[in-house]
Amino acid sequence: LNVGQRYALLSNRQTGSRLDNDVSLRKYTMTKIILKLLALSLFTAAQTAMAASYYVRAGATGANNGTDWTNAYASLPSALIRGATYYIADGSYSGYTFDDDASGTTPITIKKCIASDHGTETGYSASYCDGQAIFGDLQFTRPYYIVDGSVRNESDWKDYATYGIKTSGVRASRLDGGHSPSGECSADNLTFQYLHVGTNTTTYSTYSGGRSFYIGGFGGGSMACQNWTISKVLIQNTEEIQCAGGDGITIEDSYFYTVWSKEAMRGQIYCSNVIFRRNFLENACLTKPGTSDRCTAELAAWDGTSMDHWEIYGNVIWRYGSDIENSNGVILIGDNGWGGNIGPVTNNSVAYNNTIVGIIVAASDNYVQLNGGSGNVARNNLGFGSDATAGFSANTVSNNVYATSSPFVNYSGGDFRLAKATTAGYSLNSPYNVDRFGVTRGADGNWDLGAYEYAGGGASLPLSSPDRKSTRLNSS
């Protein structure tokens with residue numbers, strides 16, 4: 001080949017090579033686009049599955065596959081799907097054991113349907129979602145569940161019929177078996193809200209029996225049942241919250257009404273990192289008829305291995321009638337040789353801005369006892385109509401007062417909002433600086449004592465019926 005022929009041949013080869021490269025590049029680009037679209041499609045499908053809704057309606061007679069209200073499950077199916085929401089209609093249902101294996105941190109939500117949140121319109125009737133779903137005992141052996149009753153009467157927390165879900169009790173016990181791995185409590189990260197637990201009555205002959213909530217890890221660390229939130233519940237005519245191996249337990253914005261037990265909440269074995277806030281306790285520590293086991297304290301945690309870091313603030317604790325004497329105070333956290341026992345001391349526990357009304361404590365005992373250890377503080381607590389000789393015990397104690405005349409809006413009617421400002425309390429940081437109504441403490445220049453900041457009247461409280469009278473000491 002001459003020089004011109006060789007140049008033409010080389011030029012053609014280079015042109016072909018560029019064409020081949022262009023084709024390959026386009027194929028590669030299209031492949032990437034297809035893979036991305038496929039991944040997006042799979043992700044969307046997964047998200048859709050994760051957000052799936054199913055429907056449960058007692059007495060449903062459709063296909064029983066949960067796809068809509070017409071074909072709703074007649075009861076909760078034996079296996080639930082992670083990431084799904086199960087809307088529950090009014091009606092009566094059996095007790096249930098929640099034992100679905102975890103999938104990361106993906107929860108399963110059990111949700112009472114209401115008019116404004118009922119999922120699909122297919123087969124829906126307003127009559128399905130205007131009452132209560134009533135369950136037997138609810139038991140848990142796996143983590144990440146949300147049980148949401150959706151609604152209550154915020155102007156009257158004792159209005160039991162307005163709670164979306166009612167149950168006779170909630171239980172998780174490592175000793176019952178079924179937990180995984182064996183020997184540990186796997187009922188972690190549970191949320192309960194808008195539940196009525198117990199019965200509709202207040203008489204012992206009709207009480208439900210058994211604990212309202214049983215948190216039974218029977219040890220610390222991985223044995224403990226961890227991260228429970230109990231919020232906006234009514235505990236009525238039943239027994240106490242038992243924390244026998246729990247870590248990271250929050251009880252908030254709830255009403256305890258007629259609790260037949262030596263405590264309204266009991267901590268034993270291991271019960272640490274507890275938040276008990278903005279709750280109302282009315283006759284929540286009553287002696288069972290036929291026994292001599294009078295109330296130890298409304299909150300009592302003193303035997304076991306660890307009772308550290310309890311935050312108790314913004315609560316009203318009220319007793320009336322003939323059964324008003326406690327053997328060991330009102331709030332008793334930690335032992336330090338109390339009562340001749342050798343249990344764990346408590347460390348870094350606080351009791352702030354609680355209102356204690358109508359309770360007599362045994363001689364030489366205190367309203368608040370945060371025993372032994374270090375970092376324990378009792379401040380801004382207010383007592384009245386109970387035991388003027390009772391005090392407060394902690395590493396640091398200040399600004400706690402027993403009132404000699406009623407500071408309340410309606411003492412005999414059970415309205416414990418402040419009718420006037422109290423003596424100045426000790427200013428604290430968030431989250432202790434806001435009361436249950438969202439009133440900022442000290443905003444008027446005076447940090448008031450007790451559960452409620454004086455706000456010149458404020459909104460009405462969800463407290464006892466005004467016709468309920470009580471017998472008190474030192475009442476005004």
Side-chain angles (χ1 to χ4, degrees), residues 80 82-83 96-110 137-148 167 169-193 195 197 211-233 235 240-254 263-277 279 299-313 333-334 343-344 346-350 373 375 431:
L80 306 178
R82 287 285 162 185
Y96 191 87
T97 297
F98 295 86
D99 56 2
D100 308 280
D101 288 337
S103 177
T105 60
T106 303
I108 294 171
T109 300
I110 308 300
D137 286 350
L138 303 179
Q139 184 159 338
F140 294 81
T141 63
R142 293 293 186 276
Y144 295 105
Y145 291 92
I146 300 168
V147 181
D148 182 1
T167 176
V170 175
R171 179 181 178 87
S173 173
R174 181 174 61 84
L175 301 187
D176 289 343
H179 291 250
S180 179
S182 179
E184 299 182 6
C185 176
S186 52
D188 301 328
N189 301 288
L190 306 181
T191 297
F192 305 93
Q193 58 191 23
L195 307 186
V197 183
R211 274 80 180 208
S212 52
F213 288 85
Y214 194 89
I215 308 168
F218 292 92
S222 62
M223 287 190 293
C225 301
Q226 301 179 25
N227 303 323
W228 284 39
T229 297
I230 299 169
S231 182
K232 300 180 179 180
V233 305
I235 295 172
E240 81 280 15
I241 294 177
Q242 177 87 359
C243 177
D247 193 347
I249 310 300
T250 296
I251 299 97
E252 62 186 8
D253 302 313
S254 295
E263 307 87 8
M265 180 171 180
R266 174 79 162 99
Q268 65 176 153
I269 301 174
Y270 182 105
C271 189
S272 290
N273 301 305
V274 175
I275 298 173
F276 193 92
R277 61 187 176 191
N279 302 294
L299 304 181
W302 53 267
D303 60 332
T305 60
S306 176
M307 303 293 158
D308 289 337
H309 196 203
W310 282 58
E311 299 177 70
I312 304 164
Y313 62 95
I333 311 297
T346 189
N347 297 284
N348 303 314
S349 291
V350 301

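Worth saying up front: this structure is predicted, and the values here are computed from it rather than measured.
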Note, [X] side chain near [Y] side chain (heavy atom, < 4.5 Å):
{"X": "Phe98", "Y": "Leu138", "answer": "yes"}
{"X": "Thr229", "Y": "Gln193", "answer": "no"}
{"X": "Glu311", "Y": "Arg277", "answer": "no"}
{"X": "Asp100", "Y": "Arg142", "answer": "no"}
{"X": "Thr305", "Y": "Pro344", "answer": "no"}
{"X": "Asp247", "Y": "His309", "answer": "no"}
{"X": "Asn227", "Y": "Asp188", "answer": "no"}
{"X": "Val147", "Y": "Val170", "answer": "no"}

Gap between atom [atom2] of [Y] and atom [atom1] of [X] - 0.5 Å precision:
{"X": "Asp99", "Y": "Ser180", "atom1": "CG", "atom2": "OG", "result": "11.0 Å"}
{"X": "Ile215", "Y": "Tyr270", "atom1": "CD1", "atom2": "OH", "result": "13.5 Å"}
{"X": "Phe276", "Y": "Ile251", "atom1": "CZ", "atom2": "CD1", "result": "6.0 Å"}
{"X": "Asp303", "Y": "Ile269", "atom1": "CG", "atom2": "CD1", "result": "8.0 Å"}
{"X": "Met307", "Y": "Ser272", "atom1": "CE", "atom2": "OG", "result": "6.5 Å"}
{"X": "Ile275", "Y": "Ile230", "atom1": "CD1", "atom2": "CD1", "result": "12.5 Å"}

Residue pair [X] / [Y]: nearest heavy atoms and the distance that separates them:
{"X": "Cys225", "Y": "Ala172", "result": "SG-O, 4.2 Å"}
{"X": "Arg82", "Y": "Tyr144", "result": "NH1-O, 2.7 Å"}
{"X": "Thr250", "Y": "Glu252", "result": "CG2-OE1, 3.7 Å"}
{"X": "Ser254", "Y": "Val233", "result": "OG-N, 3.1 Å"}
{"X": "Ser173", "Y": "Arg171", "result": "CB-NH2, 3.8 Å"}
{"X": "Ile333", "Y": "Leu299", "result": "CD1-O, 4.4 Å"}

Tell me if a side-chain donor or acceptor on Trp310 pairs with a main-chain N or O of Cys271 at a distance below 3.5 Å. yes
Please check this pair: side chain of Ser212 against backbone of Glu240, looking for a donor-acceptor N/O pair closer than 3.5 Å. yes
Partners passing salt bridge (Lys or Arg N to Asp or Glu O under 4.0 Å) against Asp148 (at least two apart in sequence or in another chain): Lys111
Tyr313: what forms a ring-ring contact (aromatic ring centres under 6.0 Å, His included) with it, not counting sequence neighbours? Tyr432
Under the ring-ring contact (aromatic ring centres under 6.0 Å, His included) test, residues paired with Phe192 that sit two or more places apart: Phe140, Phe213, Trp228
Using the rule given for salt bridge (charged side-chain N to carboxylate O under 4.0 Å, His left out), can you reason through Arg211 versus Asp137, listing the C-alpha separation, both sets of side-chain angles and the distance that settles it, and then say yes or no? CA-CA 10 Å; Arg211 274 80 180 208; Asp137 286 350; over 6 Å; no
For Phe218 and Cys185, run side chain to side chain contact (heavy atoms under 4.5 Å, CB included): C-alpha distance rounded to whole Å, both residues' side-chain angles, the deciding distance at 0.1 Å, then the answer. CA-CA 9 Å; Phe218 292 92; Cys185 176; over 6 Å; no
Go through the steps for Glu184 and Arg174 under the test salt bridge (charged side-chain N to carboxylate O under 4.0 Å, His left out), then give the verdict. CA-CA 6 Å; Glu184 299 182 6; Arg174 181 174 61 84; over 6 Å; no
Would Glu263 and Gln242 count as having a side-chain donor-acceptor pair, cut-off 3.5 Å? no
Under 3.5 Å, is there a donor on one side chain and an acceptor on the other for Gln139 and Thr97? no
